[in-house]
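I have placed the structure first, in the form of structure tokens, so that the comments after it can refer back to it.
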Amino acid sequence: MSSGLGLESLVDQTISVITNDGRNIVGVLKGFDQATNVILDESHERVYSTKEGVQQLVLGLYIIRGDNISIVGELDEELDSNLDLSTLRAHPLKPVIH
Amino acid sequence: MFEIRCLRDLYTSFFLGFFHPKPRLRTAGRLLEHTRNLCLSVRRKMLFFSYFKDLVGREVTVELKNDLAIRGTLHSVDQYLNIKLENTRVVDQDKYPHMLSVRNCFIRGSVVRYVQLPPEGVDVELLHDATRREARGG
């Protein structure tokens, strides 16, 4: 009984992936599979810190292995453009502990 | 003790009944039980899958293993208990601004710690009966 994965609707959309080690990677979803392995194009990592604003590190074309993924979120471009990343201060996300 | 020193000794040992077929049967019995337990557990996995399918449309809060808690409407669930939420907002938005621009998300089943449900939405008796049935063997 294999029901749809549900990531199909997100293909070619900008998504925000949160990995098990607490990293936030934003990119365009190009592909996925049953194991939630994900192909991200034009990706960049957003590094949050309490001392300075959000750092954006350009990564390019990335494949993220499924076992390392926590959340795949659909990034709302409008909401994202309203965000001022340079003033955002936050603790980095905690890693996943099984 | 009977020692097997040559092929003739091997044949003799069979004749004397030293290689009894019983051990093979014992293994088969264990295998059967193991398969039955597996079948039961597979069906038990289907129990929560079916339960979540009935909860689609409800407002739930999913707490993850990295302590992040996300509130949203349950859109869909799959066999791995991956959860798709709509209209999401993080419970403590000031502490976790990482998902401010995300409104719909897919949460991998392996990373879920709790799924918090509204108490009115849960029929405990029904779940209890279903679990007992599944445990008994369907």
Side-chain angles (χ1 to χ4, degrees), chain A residues 1-10 13-26 29 32 34-38 46-48 50 53-54 64 66-85 87-98, chain B residues 39 42-54 56 61-115:
Chain A
M1 202 214 240
S2 169
S3 51
L5 184 63
L7 282 181
E8 234 175 292
S9 59
L10 296 172
Q13 308 250 39
T14 308
I15 56 163
S16 172
V17 175
I18 300 188
T19 58
N20 281 3
D21 53 359
R23 276 192 262 206
N24 185 5
I25 300 170
V26 174
L29 180 67
F32 66 94
Q34 278 283 31
T36 331
N37 298 323
V38 145
R46 289 191 183 168
V47 185
Y48 294 80
T50 45
V54 180
I64 307 177
D67 4 332
N68 223 276
I69 292 175
S70 315
I71 303 173
V72 174
E74 183 182 352
L75 203 78
D76 191 325
E77 308 268 4
E78 266 185 69
L79 290 168
D80 202 45
S81 53
N82 292 342
L83 280 179
D84 188 2
L85 294 172
T87 55
L88 209 56
R89 300 281 186 278
H91 280 284
L93 283 165
K94 282 199 262 191
V96 168
I97 310 162
H98 288 281
Chain B
C39 290
V42 165
R43 249 179 276 156
R44 230 178 277 133
K45 278 188 195 141
M46 301 311 269
L47 169 63
F48 281 96
F49 176 37
S50 314
Y51 182 67
F52 280 131
K53 278 201 286 187
D54 293 334
V56 166
T61 302
V62 181
E63 186 178 316
L64 282 75
K65 289 177 183 170
N66 59 3
D67 290 351
L68 192 64
I70 303 169
R71 193 169 176 76
T73 316
L74 186 65
H75 175 267
S76 58
V77 71
D78 69 8
Q79 50 169 335
Y80 305 111
L81 302 184
N82 293 330
I83 293 169
K84 260 194 122 180
L85 290 179
E86 298 215 309
N87 231 322
T88 56
R89 51 215 170 278
V90 178
V91 169
D92 194 348
Q93 293 226 291
D94 302 315
K95 192 171 175 196
Y96 302 109
H98 314 75
M99 303 254 300
L100 275 176
S101 28
V102 172
R103 277 291 165 269
N104 305 322
C105 67
F106 166 94
I107 302 169
R108 205 177 135 91
S110 59
V111 85
V112 173
R113 187 186 288 142
Y114 306 122
V115 177

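Protein chains get the first letters and strands the later ones, always in sequence-line order, with residue 1 at the start of each.
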Minimum heavy-atom distance [X]-[Y], with the two atoms named:
{"X": "B:Val102", "Y": "A:Ser16", "answer": "CG2-CB, 4.0 Å"}
{"X": "A:Val96", "Y": "B:Lys65", "answer": "CG1-CB, 3.6 Å"}
{"X": "A:His91", "Y": "B:His98", "answer": "O-NE2, 3.2 Å"}
{"X": "A:Leu79", "Y": "B:Leu100", "answer": "CD1-O, 4.3 Å"}
{"X": "A:Gly73", "Y": "B:Cys105", "answer": "CA-CB, 3.8 Å"}

Proximity breakdown for [X] and chain B, heavy-atom pairs closer than 4.5 Å:
{"X": "A:Ser70", "result": "both"}
{"X": "A:Asn24", "result": "side chain"}
{"X": "A:Leu88", "result": "side chain"}
{"X": "A:Ser9", "result": "side chain"}
{"X": "A:Asn20", "result": "side chain"}
{"X": "A:Leu75", "result": "both"}
{"X": "A:Ile15", "result": "neither"}

[X] portion near chain A, given a 4.5 angstrom heavy-atom threshold:
{"X": "B:Leu68", "result": "side chain"}
{"X": "B:Leu64", "result": "side chain"}
{"X": "B:Asn104", "result": "both"}
{"X": "B:Ile70", "result": "side chain"}

Legend entry - NZ/NE/NH1/NH2 to OD/OE distance under 4.0 Å, B:Arg103 and A:Asp76: no
Inset, instruction - Examine distances only and state if a side-chain atom of B:Lys84 and a backbone atom of A:Gly6 form a donor-acceptor pair shorter than 3.5 Å. - result: yes
Inset, instruction - Supply the atom-to-atom distance B:Phe106 CZ to A:Leu7 CG, rounded to the nearest 0.5 angstrom. - result: 4.5 Å
Legend entry - Atom pair CD1/CZ of A:Ile97 and B:Arg113 - distance to nearest 0.5 Å: 7.5 Å
Inset, instruction - Heavy-atom pairs under 4.5 Å with chain B are the metric here; pick the option from A:Leu93, A:Ile69, A:Val54 that has the most. - result: A:Leu93
Inset, instruction - May I ask you to name which of A:His98, A:Glu78, A:Glu74 has the most heavy-atom pairs under 4.5 Å with chain B? - result: A:Glu74
Inset, instruction - For atom CZ of A:Arg23, decide whether the heavy atoms of other residues, nucleotides or ligands shown that lie under 6.0 angstrom number more than 12. - result: no
